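Bear in mind the structure is a predicted one, so any value in this text is a computation, not a measurement. Keep in mind that the numbers below use all heavy atoms, side chains included, and drop hydrogens, waters and symmetry copies. All residue numbers in this chain count up from 1 along the given sequence.
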Amino acid sequence: SVGAASGPSGVDATVEVEPDTVIYPNCLLAGSTRIGSDCVIGPGTRVVDSTIGQNCEVVNSVVEGSVVGDGVHVGPFSHLRRGALLRNDVHVGNFAEIKNSTVGARSHVGHFSYLGDAVLGERVNVGAGTITCNYDGQRKNPTEIGDDVLLGSDTLLVAPVRVGKRARTGAGAVV
């Protein structure tokens with residue numbers, strides 16, 4: 001059964017929540033949302049028109065129009081915008097934002113990072129403060145990051161750009 005800690009939460013009638021998921025106070029679950037079993041949602045989380053897999057934790061964050069795989073941890077204070085796809089066992093740190101991007105299985109997105117219009121392979125480590133600079137003032141441009149890449153803190157990826165498998169950047173790199 002669904003567990004709920006004490007306090008108000010809003011759950012639309014259109015939302016599906018599987019057994020043994022705990023929804024903490026001050027959460028809003030709305031629209032076409034589905035949450036798998038054994039999850040912890042909140043406190044203070046908003047999930048709209050999204051799918052969250054099993055064994056996930058989403059803490060004090062916003063998830064909109066996104067798909068989250070199994071075993072994923074998000075937050076606190078992160079924002080998954082429309083088109084975010086997180087594969088299984090992904091970790092998204094605090095104050096991260098992901099939009100219209102795929103994050104491969106077992107990847108880690110450091111805190112204070114922004115990924116827009118990007119495709120990340122598996123086992124990618126995105127260092128704190130990494131940004132995909134995807135907008136050139138006229139159009140959005142893609143970023144591709146291969147498997148087993150290590151991006152140092154404060155890396156700026158100026159799209160369009162492709163980072164190959166097993167590549168590494170140092171802290172403060174501009175690619």
Side-chain angles (χ1 to χ4, degrees), residues 9-12 14-17 21 23-24 26-36 39-54 56-122 124-145 149 151 153-163:
S9 287
V11 180
D12 285 358
T14 56
V15 172
E16 296 178 34
V17 180
T21 285
I23 301 168
Y24 279 99
N26 300 317
C27 290
L28 171 66
L29 308 178
S32 184
T33 291
R34 183 178 176 280
I35 299 175
C39 291
V40 175
I41 306 297
T45 293
R46 190 178 96 186
V47 182
V48 179
D49 296 328
S50 297
T51 300
I52 296 176
Q54 298 180 6
C56 293
E57 184 174 10
V58 182
V59 181
N60 281 3
S61 295
V62 175
V63 180
E64 304 171 296
S66 298
V67 176
V68 175
D70 296 337
V72 172
H73 180 272
V74 176
F77 312 115
S78 289
H79 189 178
L80 302 182
R81 291 171 52 191
R82 297 223 173 267
L85 169 58
L86 305 175
R87 303 283 186 197
N88 294 343
D89 302 312
V90 166
H91 172 80
V92 176
N94 54 319
F95 299 102
E97 182 175 357
I98 300 173
K99 181 212 49 110
N100 194 35
S101 296
T102 299
V103 179
R106 297 176 303 283
S107 292
H108 292 253
V109 179
H111 48 283
F112 300 105
S113 294
Y114 170 75
L115 301 175
D117 302 300
V119 176
L120 282 69
E122 295 184 354
V124 173
N125 185 43
V126 177
T130 294
I131 297 172
T132 58
C133 307
N134 60 316
Y135 185 61
D136 66 8
Q138 295 181 2
R139 60 190 147 94
K140 303 287 178 135
N141 295 291
T143 297
E144 295 178 38
I145 301 170
V149 167
L151 299 173
S153 294
D154 290 326
T155 293
L156 301 178
L157 299 171
V158 182
V161 66
R162 182 176 180 278
V163 180

Side chain to side chain contact (heavy atoms under 4.5 Å, CB included) for I145 and L157? Distances and angles first, verdict last.
CA-CA 10 Å; I145 301 170; L157 299 171; 3.7 Å; yes
Do V47 and V15 pass the side chain to side chain contact (heavy atoms under 4.5 Å, CB included) test, and can you show the C-alpha distance, the side-chain angles, and the key distance before you say yes or no?
CA-CA 10 Å; V47 182; V15 172; over 6 Å; no
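Interatomic distance, OG1 of T102 versus CG of L115, reported as 10.5 Å (0.5 Å rounding). Atoms CG and CD1, on L29 and I23 in that order, are 5.0 Å from each other to the nearest 0.5 Å. The distance from atom CG of L85 to atom OG of S66, rounded to the nearest 0.5 Å, is 8.5 Å. For the atom pair CG of D154 and CD1 of I131, the computed distance is 7.5 Å after rounding to the nearest 0.5 Å. Note that NZ of K140 is 11.5 Å distant from OG1 of T143, once rounded to the nearest 0.5 Å. Residue L120 holds its CG atom at 12.0 Å from NE2 of H108, rounded to the nearest 0.5 Å.
Counting only distance, with no hydrogens or angles, the side chain of S50 and the backbone of V67 share no donor-acceptor pair below 3.5 Å. Remark: side-chain polar atoms of T132 are paired, donor with acceptor, to backbone N or O of G116 under 3.5 angstrom. Of the possible polar contacts, one joining the T14 side chain to the G31 backbone as a donor-acceptor pair under 3.5 Å is found.
At least one side-chain heavy atom of N60 sits under 4.5 Å from a side-chain heavy atom of P43. Using a 4.5 Å heavy-atom cutoff, the side chains of I52 and I41 are in contact. Using a 4.5 Å heavy-atom cutoff, the side chains of N134 and Y114 are in contact.
Checking each of T21, V68, V58, V17 against C39 for a side chain to side chain contact (heavy atoms under 4.5 Å, CB included) leaves exactly one that passes, namely T21.
Residues G69 and V72 approach most closely at O-CG2, 3.4 Å, considering heavy atoms. Shown here for C56 and G71, the closest heavy-atom pair between the two residues is SG-N, 3.8 Å. Closest approach of S113 and G129 over heavy atoms only: OG-N, 3.4 Å. The minimum heavy-atom distance between P76 and S61, with the atom names listed, is C-OG, 3.8 Å. When all heavy atoms of G121 and V124 are compared, the closest pair comes out as O-CG2, 3.5 Å. Nearest approach of Q138 to D136, heavy atoms of both residues: N-OD1, 2.9 Å.
In terms of the side chain to side chain donor-acceptor pair (under 3.5 Å) criterion, T130 has no residue partners (sequence neighbours excluded).
The stretch residues 58-69 participates, sequence neighbours left out, in these salt bridge (charged side-chain N to carboxylate O under 4.0 Å, His left out) pairs: R46-E64.
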Mind listing the side-chain donor-acceptor pairs of residues 87-100 below 3.5 Å, one per line with the distance, residues two or more places apart or on another chain?
| unit_1 | atom_1 | unit_2 | atom_2 | d |
| --- | --- | --- | --- | --- |
| N88 | OD1 | D70 | N | 2.8 |
| H91 | ND1 | H73 | ND1 | 3.4 |
| E97 | OE2 | R81 | NH1 | 2.7 |
| K99 | NZ | D117 | OD1 | 3.3 |
| K99 | NZ | D117 | OD2 | 2.9 |
| N100 | ND2 | D117 | OD1 | 2.6 |

